[in-house]
Amino acid sequence: MAKKMKKEAKVLSQKLLADGIYDMWLETPFAGDVRPGQFVGVYPANKSTLLPRPISICEVDTDRSAIRLVYRVVGSGTAEFALCKEGDQINILGPLGNGFPIDVAKGKKVVVMGGGIGVPPLLETAKRLSGEDVSAVMGYRNSETFLSDEFAKYAKMYIATEDGSVGTKGNVIDAMKAEKIECDVIFACGPMPMLRAIKAYASEVGAKAYLSLEERMACGVGACLGCITKTKEIDDHSRVHNARICTDGPVFDADDLEM
Amino acid sequence: MAKKMKKEAKVLSQKLLADGIYDMWLETPFAGDVRPGQFVGVYPANKSTLLPRPISICEVDTDRSAIRLVYRVVGSGTAEFALCKEGDQINILGPLGNGFPIDVAKGKKVVVMGGGIGVPPLLETAKRLSGEDVSAVMGYRNSETFLSDEFAKYAKMYIATEDGSVGTKGNVIDAMKAEKIECDVIFACGPMPMLRAIKAYASEVGAKAYLSLEERMACGVGACLGCITKTKEIDDHSRVHNARICTDGPVFDADDLEM
Amino acid sequence: MNTTVEIAGVKFKNPVMTASGTFGSGMEYSDFVDLNKLGAVVTKGVANVPWPGNPVPRVTEVYGGMLNAIGLQNPGIDVFAKRDLEFLKKYDTKVIVNVCGKSVEDYLEVVERLGDEERVDMLEINVSCPNVKEGAIAFGQNKDALYDITEKIKKVAKQPIIMKLSPNVTSISEMAKAAEAAGADAISLINTITGMKIDIYKRKFALANKTGGMSGPAIKPVAVRMVYEASHAVDIPVIGMGGIANAEDAIEFIMAGATAVAVGAMNFHNPYTTEKVVDGIEEYMKKYGVEDINDIRKIV
Amino acid sequence: MNTTVEIAGVKFKNPVMTASGTFGSGMEYSDFVDLNKLGAVVTKGVANVPWPGNPVPRVTEVYGGMLNAIGLQNPGIDVFAKRDLEFLKKYDTKVIVNVCGKSVEDYLEVVERLGDEERVDMLEINVSCPNVKEGAIAFGQNKDALYDITEKIKKVAKQPIIMKLSPNVTSISEMAKAAEAAGADAISLINTITGMKIDIYKRKFALANKTGGMSGPAIKPVAVRMVYEASHAVDIPVIGMGGIANAEDAIEFIMAGATAVAVGAMNFHNPYTTEKVVDGIEEYMKKYGVEDINDIRKIV
Ligand SMILES: Cc1cc2nc3c(=O)[nH]c(=O)nc-3n(C[C@H](O)[C@H](O)[C@H](O)COP(=O)(O)OP(=O)(O)OC[C@H]3O[C@@H](n4cnc5c(N)ncnc54)[C@H](O)[C@@H]3O)c2cc1C
Ligand SMILES: Cc1cc2nc3c(=O)[nH]c(=O)nc-3n(C[C@H](O)[C@H](O)[C@H](O)COP(=O)(O)OP(=O)(O)OC[C@H]3O[C@@H](n4cnc5c(N)ncnc54)[C@H](O)[C@@H]3O)c2cc1C
Ligand SMILES: Cc1cc2nc3c(=O)[nH]c(=O)nc-3n(C[C@H](O)[C@H](O)[C@H](O)COP(=O)(O)O)c2cc1C
Ligand SMILES: Cc1cc2nc3c(=O)[nH]c(=O)nc-3n(C[C@H](O)[C@H](O)[C@H](O)COP(=O)(O)O)c2cc1C
Ligand code: FES
Ligand code: FES
């Protein structure tokens, strides 16, 4: 595991990707160590807010030693990040979490599935799966299907939209069914109801599902026990069926989760 | 009295004037209403600091509707102000306080006296006294005699330095004596020991002295009763010999003070 | 849309008040705020005679707030009645006079004296100032003493009384219950939390009084919790305060159980805060379809 | 230059510790900090059996700090001793184990069990966690209960004991005195201040537990005041904490009366904070000619 660090990262670029969704590249020395599905903690400069904001790593560019963050503005921290310009410095903590188990997908039919702001971490995941039989099924609210053109470079691309404006009307499961997409392994990130549906679907079709979860975090490194999720087996740390999303996750084998 | 307001002011210019001392011009709608000796409350942008920093108005430029602040960096607020650049916006509260009573100096021999970071407010004061018989006696630590060339435009200029590098070695009173400067009225701002000495000197030579005081402030507008100074007579507000520096002052008739 | 709230029969046009001691009697802020827009002006604490207060420094900034040790400097009830109450007659807002004292007798004297003042709608009894050594805080930190003084004041008060509680206690619910049991018409909280700051370079206390009362956004979570606990422990209305900076904060207190709220230290950060809170509450109500401000009280 | 401090016969290479619950057992922060540089590692609270803690959300940010309602999730003493204490054997730092329980018996069981563990230099008894309904906080908010549990623990403890006090009390001096009278070797404070946050858009509490313990720079003035009061009320050493972010803060606590200090929530803001505080204290001592860190304690 790469050593974690808190370090200033240089903003290489920032742009608006879709309504309220920003796309920022950061130069950081640990870019080369990142596994897909890992995240960073981004610190606002606002001196009244102290906790890092967990943001998934969307893509890695080892040539520039850079990581890409795609995030939605929802509060004061993300609003501040959106103001960052090329050349600015921003403090980040990382790399955090475990990431998706790329190896288990080798030689299998694998589907990466994302919903809403859960889409970004699957881009690097799809990229690292290159050579495998990869489909990408991404769910959006409407026609603002951010990142979908980029997925198309690494995977067969399917879209579901809530309003039916693009692809299948409905959610990612609806798209799976409509498009008759076969799968042995699912890598997914998105809102809890979607992840629950994917877990059910996977067990229905006999696939393995790996789900990336979200929870409020304080430390991001496994120390505070703030970010737990209920697990079937007793967890390694506290032996109470509470895994820490920031370190034992954010990616879990769906079979291990009580959700 | 001009109506007080809290408003964004545009930074017109900022430069380093002497070691750790900055010189900033701000555009503000109330510039034309300012009386010399008044001050503003300057708000840091740092969201963990909430109180305005009281800074005297050093000079006014009604043509540009601008005020000039000259301040020493001593803590987080002033350090932040020093980073402001032309075009930045900064929140200020003003105009605050009473200012020097220019009228009482009409036709008299008047001396403006400043010590250290108490020098700045006397510049506009000297300017407004133009036409009178004005001397300026300014005390500095060393040869960094900031603003002294500007005083020379409006007054006979005398300098005292602690290290004797420029003018009289010693304090402003030493300079008064050494240069045999006569005075009927003194307008002064500076550290408390200097103000005490001036009060004593004034009563010795039979002059009127008006002293600008400093105290920790919260509201700056007379509401919190944080910034009081002991007075001979009962004060107007609480009737307990406690005048509010921010509204009853910062300038007081030395005869009214218990110091 | 209804923004009016009622406390002990007194109707406020909106739930936004000024926190005692941070707004003078309104005079000093009338350059900034239209006092007619406020639910009430709560005045600086007044005693039977003038009080000189504490030596300076009396205020100092801390992370997200400030400490004060004013020590309740005030001109005494006579000057106050002649000057401040007279000034407030010009405005269409409710007036709540904050009362302080060193002994039960002091309080009673002020309360009786105010009984004849028509401009005074309610009395807020400050038994929780941490900055005066005698009396005051003692009443606010002991439930029997609180009961006793509340009962005595209630007997002589012509206006409804609000007991202002100290957060520097083990159980705010017990204190609230004691005030209610003794006949208080309402309670307000929180007063400042006792704090200290030391200048490590000068090796001196930042305040001449050593300790001071902490206020500002930094204390808000503690204040919200205490308002929640108190308002769920008693049936009388609660006026909530502590770090309110904007309408969101005010609504948070209302949802926690406050019938009205007061803006304190943030007046110093932004002298327009009270008006901004009034406007912001209306905007929230419009945007989220709240018909009556009273509907969201205790909604969590 | 001397930075070592002594508490109940235990010598610490410097006065900087980790605040329980914010640093795991050091493992999670060993990527960032050289544990050998710390005066002590104070571990997360451990009970006789594993505790699952509270439902999520357990943490939320507030102005200048955070609220937590972890609810003392921990693996129980057996796993802790085998894994965490074993891990700490690699380091040259003192180890203070923070102990929690729901009944006196729970505490005694852990304390007895730890008696044989050589790696444990001291015990910190958490009687002040605001996030568990049973026991715990009750001991920390009642001086007779505090006296009683302290006395019982002291009887069975092989290591010196530190009683960790709650700030959610009317008089911290009284609590400190009760702990001292019952035989505590030291006290530490402050634990978190009970707070609450409400999401006014979701109309829900930010924490599943409704209330949580507040920590971070926002609480520092309250913590400094309590450390001052407690250390002037008792003769046993005081370990101070609450919002420490840098060496200046640490020195402020020491001047207020603390023999040692602990860094809590600010580890989350900057995982290097503890080391930075250690280095910064040395720099201050050099710059201002402080020969012995013990010389500036209680200097104000
Ligand atoms: C492992 C992980 C990966 C994530 N990846 C992404 C991503 O790639 N893109 C993206 O847009 N968002 C992502 N999120 C959600 C993101 O963390 C929040 O939107 C962000 O923290 C909001 O911060 P704020 O200051 O703008 O909002 P505020 O609401 O002002 O934040 C207040 C506090 O709540 C926390 N918080 C608020 N919402 C969330 C949330 N949904 N999850 C966790 N903490 C929250 C903040 O971190 C902060 O501590 C991820 C969350 C987790 C846990
Ligand atoms: C009426 C008046 C006029 C002043 N005019 C000038 C001026 O023209 N130029 C100049 O350089 N300085 C002036 N000062 C001093 C100036 O206010 C402080 O240096 C400044 O507030 C320091 O802020 P800080 O954030 O940098 O320091 P910090 O020490 O970080 O400030 C912390 C808190 O203490 C307050 N504070 C610190 N020092 C002082 C002080 N000396 N007086 C009052 N409050 C203080 C700050 O306002 C803030 O609330 C004046 C003070 C007063 C009262
Ligand atoms: C400078 C200052 C003076 C105060 N004076 C009084 C007072 O006279 N009477 C009183 O009951 N409370 C007084 N308070 C307490 C406030 O009314 C309020 O309860 C407290 O500050 C918390 O609210 P805030 O965080 O919004 O300031 C004072 C507070 C400050 C900051
Ligand atoms: C996430 C978290 C968990 C905590 N767990 C414990 C604990 O297990 N035992 C304990 O005595 N204190 C615990 N505390 C309290 C801290 O040790 C400390 O007393 C408090 O946070 C104040 O210090 P700070 O402001 O530096 O964080 C915890 C605090 C936090 C933030
Ligand atoms: S955020 Fe602290 S354990 Fe996960
Ligand atoms: S600063 Fe508030 S009265 Fe002067």
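Reminder, nothing fancy here: chain letters follow the sequence lines and each chain counts from 1.
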Can you pull out the donor-acceptor contacts between chain D and chain A, under 3.5 Å, including backbone atoms?
unit_1: D:Glu28; atom_1: OE2; unit_2: A:Arg244; atom_2: NH1; d: 3.1
unit_1: D:Asp31; atom_1: OD2; unit_2: A:Lys4; atom_2: N; d: 2.7
unit_1: D:Pro52; atom_1: O; unit_2: A:Asn242; atom_2: ND2; d: 2.7
unit_1: D:Arg58; atom_1: NH1; unit_2: A:Leu225; atom_2: O; d: 2.7
unit_1: D:Glu61; atom_1: OE1; unit_2: A:Arg53; atom_2: NH1; d: 3.2
unit_1: D:Glu61; atom_1: OE1; unit_2: A:Arg53; atom_2: NH2; d: 2.7
unit_1: D:Glu61; atom_1: OE2; unit_2: A:Leu50; atom_2: N; d: 3.1
unit_1: D:Glu61; atom_1: OE2; unit_2: A:Leu51; atom_2: N; d: 2.9
unit_1: D:Glu61; atom_1: OE2; unit_2: A:Arg53; atom_2: NH1; d: 2.8
unit_1: D:Gly64; atom_1: N; unit_2: A:Ser48; atom_2: O; d: 2.7
unit_1: D:Gln73; atom_1: OE1; unit_2: A:Asn242; atom_2: ND2; d: 3.0
unit_1: D:Gln73; atom_1: NE2; unit_2: A:Ser238; atom_2: OG; d: 2.8
unit_1: D:Arg83; atom_1: NH1; unit_2: A:Asp236; atom_2: O; d: 2.9
unit_1: D:Arg83; atom_1: NH1; unit_2: A:His237; atom_2: O; d: 2.9
unit_1: D:Arg83; atom_1: NH2; unit_2: A:His237; atom_2: O; d: 2.8
unit_1: D:Phe268; atom_1: O; unit_2: A:Tyr43; atom_2: OH; d: 2.9
unit_1: D:His269; atom_1: O; unit_2: A:Lys6; atom_2: NZ; d: 3.0
unit_1: D:His269; atom_1: O; unit_2: A:Tyr43; atom_2: OH; d: 3.2
unit_1: D:His269; atom_1: ND1; unit_2: A:Leu50; atom_2: O; d: 2.7
unit_1: D:Tyr272; atom_1: OH; unit_2: A:Lys6; atom_2: N; d: 3.1

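Contact tally against chain A (heavy-atom pairs below 4.5 Å) for D:Gly76, D:Pro52, D:Gly24: the top residue is D:Pro52.
Applying the ring pair (Phe, Tyr, Trp, His ring centres under 6.0 Å) rule to pairs touching residues 73-100 of chain A yields A:Phe100-A:Phe187, sequence neighbours excluded. The ring pair (Phe, Tyr, Trp, His ring centres under 6.0 Å) pairs that include a residue from residues 67-86 of chain D number zero, where partners must be two or more places apart or lie in different chains.
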Report task. Go through the steps to decide whether A:Met217 and D:Val59 satisfy the test side chain to side chain contact (heavy atoms under 4.5 Å, CB included), and finish with yes or no. Result -> CA-CA 7 Å; A:Met217 296 184 173; D:Val59 291; 5.6 Å; no

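Between D:Phe268 and A:Cys224 the shortest heavy-atom distance is CZ-CB, 3.6 Å. For the residue pair D:Val56 and A:Ile228, the shortest heavy atom distance occurs at CG1-O, 3.5 Å. In plain terms, the two heavy atoms of D:Ile70 and A:Leu225 that are nearest each other are CD1-O, 3.5 Å.
With a 4.5 angstrom heavy-atom cutoff, D:Met27 does not touch chain A via any of its atoms. Within the 4.5 angstrom heavy-atom criterion, no atom of A:Ile234 approaches chain D.
Put simply, the side chain of D:Pro271 reaches to within 4.5 Å of the side chain of A:Leu93, judged on heavy atoms. Residues D:Pro75 and A:Val240 form no side-chain contact, since every pair of their non-hydrogen atoms from C-beta on lies 4.5 Å or further apart.
Listed by chain and residue number, D:Asp121 satisfy the salt bridge (charged side-chain N to carboxylate O under 4.0 Å, His left out) test with D:Arg119 (two or more places apart in sequence, or in another chain).
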